[in-house]
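Structure first, then comments.
In the text below, chain A, chain B and the rest are named by the order of the sequence lines, each starting its count at 1. Values below: all heavy atoms of this structure, side chains included; hydrogens, waters and symmetry mates excluded. Everything quoted here is computed from the prediction, not taken from an experiment.
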Amino acid sequence: MNRDPKVAPTELSAFLEGDVREVARGLVGWTFLVHGAGGVIVETEAYRFDDPASHAFGGRTPRNATMFGPSGHLYVYRSYGIHWCANVVCGAEGVASAVLLRALQPTHGVDDMRTRRGVDDARLLAAGPGRLTQALGLSGENDGDDLGVPPYELTMPPQPPEVVASTRVGITRAIEQPWRYTLAGSTFVSRPRPRP
DNA sequence: CAGTGGATGCTCT
DNA sequence: GAGCATCCACTGT
């Protein structure tokens, strides 16, 4: 992969076309900003097209339509009636794989995120998919947005960081797949240790 | 810490 | 009507 930190949208697209597990692992360490607020991605999960835990498993529906579109767009859905969760759509159009953004280490616009979250502790601003979307001000209105253009910014790290794989969180199917990826040693992840 | 339960809305069967 | 890719408050060690 080209490690020039300035990533052109076409370059981002090429990266996102790969195996969704490699994309999920590779996105850890990138900086993700929305309107200048955000931080370093420290936790992701891969949801493959043929994965019983994926919203796309079983075919296209109104809710998951964005997953079937081109890579590099945001798939945002309502979780438990209360929260929003944000994914990066991966793979070729029609493949319907996605990477769930589960946690950020805040680095930019931290006060904006504090205001939206209503908490002070930087470790609680974006540790968890529902918290992350609230901190960034993302909601269902952003479903389908193109991540290659403003207000979104995705910047790769100068060096690929050390990443740890573990099982995914909060799912009931395909629970054995180690498709959760965390930045090694980070205290900004949604749960400090992988579940047993 | 660990475990439990409630809030809350939408999707799909 | 069931089941969530969750979070928070609360309980008990």
Side-chain angles (χ1 to χ4, degrees), chain A residues 16 19-28 32 39 41-69 71 73-91 95-106 113-145 147 163-183 186-196:
Chain A
L16 296 178
D19 184 307
V20 67
R21 294 165 297 183
E22 288 308 304
V23 177
R25 176 186 283 276
L27 277 175
V28 174
F32 179 48
I41 299 170
V42 297
E43 179 176 351
T44 62
E45 283 177 0
Y47 286 87
R48 213 167 64 171
F49 63 93
D50 60 348
D51 173 359
S54 170
H55 288 174
F57 186 77
R60 182 178 185 138
T61 66
R63 176 178 67 160
N64 67 22
T66 300
M67 289 184 78
F68 288 79
S71 64
H73 289 243
L74 257 193
Y75 167 49
V76 183
Y77 68 91
R78 176 88 77 179
S79 176
Y80 290 91
I82 304 172
H83 308 288
W84 298 100
C85 292
N87 297 249
V88 179
V89 175
C90 298
V95 168
S97 293
V99 173
L100 174 65
L101 300 177
R102 287 195 54 92
L104 300 180
Q105 175 174 347
M113 293 192 281
R114 284 201 173 102
T115 301
R116 285 191 283 254
R117 286 277 296 121
V119 299
D120 266 355
D121 188 346
R123 294 194 176 157
L124 295 178
L125 287 181
R131 292 165 171 170
L132 183 152
T133 54
Q134 187 180 30
L136 297 180
L138 295 173
S139 73
E141 297 179 4
N142 301 288
D143 181 43
D145 283 1
L147 292 170
V163 177
V164 177
S166 60
T167 53
R168 295 177 289 183
V169 176
I171 57 171
T172 58
R173 293 183 288 185
I175 60 175
E176 73 285 358
Q177 301 294 355
W179 294 347
R180 172 183 183 238
Y181 302 95
T182 51
L183 181 63
S186 176
T187 56
F188 291 87
V189 298
S190 68
R191 44 170 87 180
R193 285 174 307 203
R195 83 177 154 210

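OP1 or OP2 of C/dC4 lies within a sub-4.0 Å distance of a side-chain N or O belonging to A/Thr172. Regarding contacts with the backbone of C/dA5, a side-chain N or O of A/His55 is found under 4.0 angstrom from either OP1 or OP2. Regarding contacts with the backbone of C/dC4, every side-chain N or O of A/Arg63 stays at 4.0 angstrom or more from both OP1 and OP2.
In this structure, the nucleotide among C/dC8, B/dT8, C/dA5 sitting nearest to the side chain of A/Ile82 is B/dT8. Between B/dT11, C/dC4, B/dC10, one nucleotide has an atom nearer to the side chain of A/Arg78 than all others, and that is B/dC10.
With respect to the salt-bridge test (charged N to carboxylate O, under 4.0 angstrom), the residues A/Glu45 and A/Arg102 qualify. By the 4.0 Å N-to-carboxylate-O rule, A/Arg21 lies close enough to A/Asp19 to be salt-bridged with it.
If you measure from atom CG of A/Leu101 to atom P of C/dT6, you get 13 Å, rounded to the nearest angstrom. Straight-line distance from the CG atom of A/Leu100 to the C1' atom of C/dT6: 11 Å, rounded to whole Å. Following rounding to the nearest Å, A/Leu132 (CG) and C/dA5 (P) show an atom-to-atom distance of 17 Å. To the nearest angstrom, C1' of B/dT11 lies 12 Å from CH2 of A/Trp84. We find that CG of A/Asn87 is positioned 11 Å from P of C/dT6, with the value rounded to whole Å. The nearest whole Å value for the distance from the CG atom in A/Leu125 to the P atom in C/dT6 is 19 Å. Note: CZ (A/Arg131) to P (C/dA5) measures 18 Å, nearest angstrom. Between the OH atom of A/Tyr75 and the P atom of C/dA5 there is a distance of 9 Å, given to the nearest Å.
When ring centroids are compared, A/His55 and A/Tyr47 stay outside the 6.0 Å threshold.
The shortest distance between side-chain heavy atoms of A/Leu136 and A/Leu104 falls below 4.5 Å. Residues A/Thr187 and A/Arg123 have side chains in contact (heavy-atom distance under 4.5 Å, counting atoms from C-beta outward).
Using a 4.0 Å heavy-atom cutoff across all strands shown, A/Ser190 reaches no nucleic acid atom at all. If you check every strand for non-hydrogen atoms under 4.0 Å, A/Arg173 touches nothing.
Of the nucleotides present, none pairs with B/dT8 by Watson-Crick or G-U wobble criteria with both distances under 3.5 Å.
A/Tyr80 does not qualify as a stacking partner of the B/dA7 base, lacking a centre-to-centre distance under 5.5 Å together with planes within 30°.
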